[in-house]
Amino acid sequence: MTQISQHLARWPGVTLNAHQYGGLGIFVDGQELGQLHDCGLLDVALTAVERDALLSEDQVHRHHTFPDSGWVTLPINGVLDVPLAIEALVMAHARMLDAASPQ
């Protein structure tokens, strides 16, 4: 979890703040990108297409509280889970930056 939060702290526009449900909220220019929970779960906001692609590869789980949303949950059990966590966060971060840039 520390490795992920340290990685995120270097990304443009990303802030990490205490989250109302525990752990850290991950925000890009005030929009929630994800949550790093103290219990070892990472929740990430994805599009339905991104979510379905990762679900079809059995890489993530539907969100533990809102399974029908675009959010996914990744258990972080150790350093081997970090690359997938970063990959999912990169997807969400890129989408948020694209949405924020003038067209």
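Index from 1, following the sequence.
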Measuring from atom [atom1] of [X] to atom [atom2] of [Y], what distance do you get when rounded to the nearest 0.5 angstrom?
| X | Y | atom1 | atom2 | result |
| --- | --- | --- | --- | --- |
| M1 | I76 | CE | CD1 | 6.0 Å |
| H7 | T2 | NE2 | OG1 | 14.5 Å |
| H61 | L74 | NE2 | CG | 7.5 Å |
| I26 | D43 | CD1 | CG | 9.0 Å |

Side chain to side chain contact (heavy atoms under 4.5 Å, CB included) for M91 and L54? Distances and angles first, verdict last. CA-CA 11 Å; M91 287 175 164; L54 292 177; 4.1 Å; yes
Do the side chains of [X] and [Y] join up, straight or via other hydrophobic residues, at under 4.5 Å, putting them in one cluster?
| X | Y | result |
| --- | --- | --- |
| W11 | F27 | no |
| M96 | V90 | yes |
| W71 | L55 | no |

Which atom names give the shortest non-hydrogen contact between R10 and Q6, and what distance separates them?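 The pair with the smallest heavy-atom distance is NH1-O, 3.6 Å.
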How close do V44 and A92 get, counting heavy atoms only, and between which atoms?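 That would be CG1-CB, 3.8 Å.
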Output yes when a side-chain donor or acceptor of H19 lies under 3.5 Å from a complementary backbone atom of G34, and no otherwise. no
Tell me if a side-chain donor or acceptor on R51 pairs with a main-chain N or O of H63 at a distance below 3.5 Å.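 No, the answer is negative, given that no donor and acceptor are paired below the 3.5 Å cut-off.
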Measure the shortest side-chain to side-chain distance between L89 and I4 over non-hydrogen atoms and say whether it is less than 4.5 angstrom.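 Contact flag for L89/I4 side chains = yes.
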For residues 80-87, run the donor-acceptor check on the side chains, cut-off 3.5 Å, and write out each pair with its distance to 0.1 Å, sequence neighbours left out.
from, atom 1, to, atom 2, distance (Å)
D81, OD2, N77, N, 2.7
D81, OD2, G78, N, 3.4

Take atom CD in Q59; do more than 12 heavy atoms of anything else shown fall under 6.0 Å from it? yes
Can you tell which of L8, T15, L36, L42 makes a side chain to side chain contact (heavy atoms under 4.5 Å, CB included) with L24? L36
